[in-house]
Amino acid sequence: MNRIDRHPTPVPRVGLVLTGGGARAAYQVGVLKAIRDIRRQFGAPTTNPFPIIVGTSAGAINAAGIACHADRFDLAVAHLVDVWREFSAEQIYRADALGVIRSGARWLTLLTAGWAIARWRRLNPRSLLDNRPLARLLEAMLPLARVPEVMRAGHLQALAVSASSYTSGHHVTFYDTVGRLLPWTRRQRVAVPGPITVAHLLASSAIPFVFPAAPLTIAGHTEWFGDGSMRQVAPISPAIHLGAERVLVIEARRMKEPPGDLVAQYGYPSLAQIAGHALSSMFLDALPADIERLRRINRTLALLPAGMRWRSGLKPIETLVIAPSQSLDVIAARHVQNLPRPVRMLLRSIGVRGSNGHEASGAALASYLLFEAPYTRELIELGESDTLARRDEVARFFRTGRGRVAKARAVRVGAKLDVAANDAPSVVNTHIA
């Protein structure tokens with residue numbers, strides 16, 4: 001009997017899915033903190049409750065943070081809380097005047113007058129901001145070499161992060177798992193096995209236009225990658241492919257913004273408003289569409305007799321979604337002034353303004369770049385309070401305390417999944433804030 005057999009992963013296997021959202025991912029840390037506290041309250045084991053962890057964009061960084069310390073879940077959460085509570089933009093991208101001029105100002109000049117100035121055309125600026133500080137931060141805070149160790153010890157079954165290839169047009173899920181799991185392929189989506197590195201996290205979190213594309217080697221050749229939220233049509237699917245039988249999704253944006261809570265923006269949209277709208281669509285739209293599709297699949301499967309469902313190879317899956325109860329755009333509008341002055345001036349040039357009475361502009365774009373402690377702390381507190389308000393649901397999901405076992409519906413799992421025909425689990429007990 002090998003070491004894995006002596007430390008079996010929990011059954012049913014719980015998958016954690018962390019979506020993208022730049023600085024908004026601080027909300028996920030608050031949710032994880034509350035989950036840790038709820039489990040403590042009910043006397044649950046302090047071991048990692050998520051044998052399968054999947055992340056995209058900034059969610060990939062949080063996912064890696066949990067995976068590195070999967071043998072000590074409480075420590076992993078505490079470490080993430082410490083990092084996100086003390087954030088400053090300088091840890092993520094060059095925020096000094098010279099750095100902003102070299103990246104953002106040069107990039108904007110190319111957009112406006114570069115076509116007429118030969119030397120600007122030759123320089124070919126790559127992004128609005130220079131995220132080389134992020135690479136140094138990840139190297140310092142994430143001991144990714146521990147991931148194989150905690151896997152061998154039975155504390156983690158799989159870690160996966162997603163990125164989008166500018167070279168091939170494919171959405172790629174990079175995964176590391178216990179044992180040998182054959183990669184899956186779907187239309188415009190592929191999976192690639194292998195160790196997860198800092199390079200994968202940089203690629204997954206490379207917000208288009210904002211941060212530069214990152215190179216990764218696949219099958220002996222180099223491809224350039226951007227944020228994993230692009231072309232991500234089935235966010236939950238990787239967790240199911242990796243064996244999850246129950247899935248917790250932590251979203252970094254409200255699933256639906258009530259009209260009364262939107263940040264007021266009048267007149268012709270600025271470049272910042274357009275960019276913020278595009279990013280919001282990229283980071284959000286796939287998940288609600290995926291959930292709605294899964295609900296329709298559930299209703300169809302519920303019409304089948306039990307015997308037919310059994311013969312079809314379907315099995316029960318639960319999915320719980322936790323999302324912000326407040327608009328993060330509104331919160332961001334209150335914190336724009338906390339950005340370093342050079343970054344604030346750069347964003348102002350494309351239309352970002354802080355709140356002024358009831359008006360703000362470009363707050364959505366700012367919300368992804370506000371890696372500043374006053375903003376991230378507020379999001380952590382929001383994530384924590386939203387989750388504690390649903391304490392009983394969380395307890396039931398983890399089968400903790402006196403939580404009643406929720407009824408699950410059948411869904412298709414494994415390598416035969418496809419987006420057009422049951423490519424992700426059916427959603428049960430899904431609560432959209």
Inset, instruction - With sequence neighbours excluded, tell me which residues meet salt bridge (charged side-chain N to carboxylate O under 4.0 Å, His left out) with Glu223. - result: none
Inset, instruction - Using the ring of Phe73 (Phe, Tyr or Trp, six-membered ring only), decide whether Arg36 places NZ or CZ under 6.0 Å from its centre and within 45 degrees of its axis. - result: no
Inset, instruction - Spell out, as yes or no, whether a donor-acceptor pair under 3.5 Å connects the side chain of Tyr375 to the backbone of Ser367. - result: yes
Legend entry - Sub-4.5 Å side-chain heavy-atom contact between Met345 and Pro342: no
Legend entry - Heavy-atom pair of closest approach, residues Pro148 and Ala145: CD-O, 3.3 Å
Inset, instruction - Using modelled atom types only, decide if a donor and an acceptor are shared between the side chain of Asn48 and the backbone of His155 within a distance under 3.5 Å. - result: yes
Inset, instruction - Starting at CG of Asp329, measure out to CG of Leu365 and round the result to the nearest 0.5 Å. - result: 10.0 Å
Legend entry - Donor-acceptor contact present, side-chain Tyr93 to main-chain Leu128, <3.5 Å: no
Inset, instruction - Report yes or no: do Ser229 and Asp227 form a side-chain donor-acceptor pair below 3.5 Å? - result: yes
Legend entry - Minimum heavy-atom distance between Val14 and Pro51, given as atom pair plus value: O-CD, 3.1 Å
Legend entry - Side-chain heavy atoms of Thr19 within contact of Thr56, under 4.5 Å: no
Inset, instruction - Give every residue pair that meets the side chain to side chain donor-acceptor pair (under 3.5 Å) criterion with at least one member in residues 71-83, sequence neighbours excluded. - result: Arg40-Asp74, Asp71-Arg146
Inset, instruction - Nearest 0.5 Å please: distance from the CG atom of Leu16 over to the CZ atom of Phe50. - result: 4.5 Å
Inset, instruction - Just jot down the side-chain contact (heavy atoms from CB on, under 4.5 Å) partners of Ala25, sequence neighbours excluded, or say none. - result: Gln28, Ala58, Asn62, Trp84
Inset, instruction - Could you list the residues that satisfy side-chain contact (heavy atoms from CB on, under 4.5 Å) with Ser205, not counting sequence neighbours? - result: Ser57, Ile61, Leu134
Legend entry - Gap between atom CG of Leu370 and atom OG1 of Thr376 - 0.5 Å precision: 9.0 Å
Legend entry - Residues which pass side-chain hydrogen bond (donor to acceptor under 3.5 Å, both in side chains) with Glu372, listed by chain and number, not counting sequence neighbours: none
Inset, instruction - Report the distance from atom CZ of Arg94 to atom CG of Asn131, rounding to the nearest 0.5 Å. - result: 12.0 Å
Inset, instruction - Looking only at non-hydrogen atoms, find the nearest pair between Cys68 and Leu144 and report the distance. - result: SG-CD2, 3.7 Å
Inset, instruction - Apply side chain to side chain contact (heavy atoms under 4.5 Å, CB included) to the pair Val343 and Leu369, showing each step before the final yes or no. - result: CA-CA 10 Å; Val343 178; Leu369 304 177; 5.8 Å; no
Legend entry - Heavy-atom side-chain contact between Asp386 and Val31 under 4.5 Å: no
Inset, instruction - Please answer whether the main-chain N or O of Trp224 pairs with a side-chain N or O of Thr167 as donor and acceptor at a distance below 3.5 Å. - result: yes
Inset, instruction - Sequence neighbours left out, what passes side-chain hydrogen bond (donor to acceptor under 3.5 Å, both in side chains) with Glu86? Give chain and number order. - result: Arg377
Inset, instruction - Heavy atoms only: give me the nearest Tyr166-Met230 pair and the separation to one decimal. - result: OH-CE, 3.3 Å
Legend entry - Side-chain touch Arg24/Pro324, heavy atoms, less than 4.5 angstrom: no
Legend entry - Polar side-chain atom of Glu90 near backbone of Pro340 as donor-acceptor pair, under 3.5 Å: no
Inset, instruction - Working to the nearest 0.5 Å, report the span between CZ of Arg391 and CG of Asp37. - result: 9.0 Å
Legend entry - Heavy-atom closest pair, residues Leu156 and Ala67: CD2-CB, 3.8 Å
Inset, instruction - Not counting sequence neighbours, which residues clear side-chain hydrogen bond (donor to acceptor under 3.5 Å, both in side chains) with Glu139? List them please. - result: none
Inset, instruction - Could you tell me whether the side chain of Leu129 reaches within less than 4.5 Å of the side chain of Leu346, counting heavy atoms only? - result: yes
Legend entry - 4.5 Å side-chain heavy-atom contact, Val394 and Phe42: no
Inset, instruction - Tell me, please, which residues at least two apart from Ser204 pass side-chain hydrogen bond (donor to acceptor under 3.5 Å, both in side chains). - result: none
Legend entry - Qualifying residues under salt bridge (charged side-chain N to carboxylate O under 4.0 Å, His left out), relative to Arg341, sequence neighbours excluded: none
Legend entry - Sequence-distant partners of Ala203, side-chain contact (heavy atoms from CB on, under 4.5 Å), two or more places apart: Ala163, Ala214, Leu216, Phe225
Legend entry - Residue pair Leu320, Arg390: steps toward the side chain to side chain contact (heavy atoms under 4.5 Å, CB included) verdict: CA-CA 11 Å; Leu320 178 66; Arg390 298 169 61 182; 3.4 Å; yes
Legend entry - Any pair counted as side chain to side chain donor-acceptor pair (under 3.5 Å), so long as it reaches residues 169-178, sequence neighbours left out: Ser162-Thr173
Inset, instruction - Taking the side chain as every heavy atom from C-beta outward, state whether Tyr368 and Leu328 have any atom pair closer than 4.5 Å. - result: no
Legend entry - Donor-acceptor contact present, side-chain Glu384 to main-chain Ala34, <3.5 Å: no
Legend entry - Closest contact, heavy atoms only, Val150 versus Ala70: CG2-CB, 4.2 Å
Legend entry - Worked check of side chain to side chain contact (heavy atoms under 4.5 Å, CB included) between Phe397 and Ile35: CA-CA 11 Å; Phe397 181 82; Ile35 289 173; over 6 Å; no
Inset, instruction - Mind checking ring-ring contact (aromatic ring centres under 6.0 Å, His included) for Phe371 and listing every partner two or more places apart, or none if nothing turns up? - result: Phe87
Inset, instruction - To the nearest 0.5 Å, tell me how far Arg85 CZ sits from Lys33 NZ. - result: 8.0 Å
Legend entry - Heavy-atom check, side chain of Met141 versus side chain of Leu80, under 4.5 Å: yes
Inset, instruction - Could you tell me whether the side chain of Tyr27 and the main chain of Leu382 form a donor-acceptor pair under 3.5 Å? - result: no
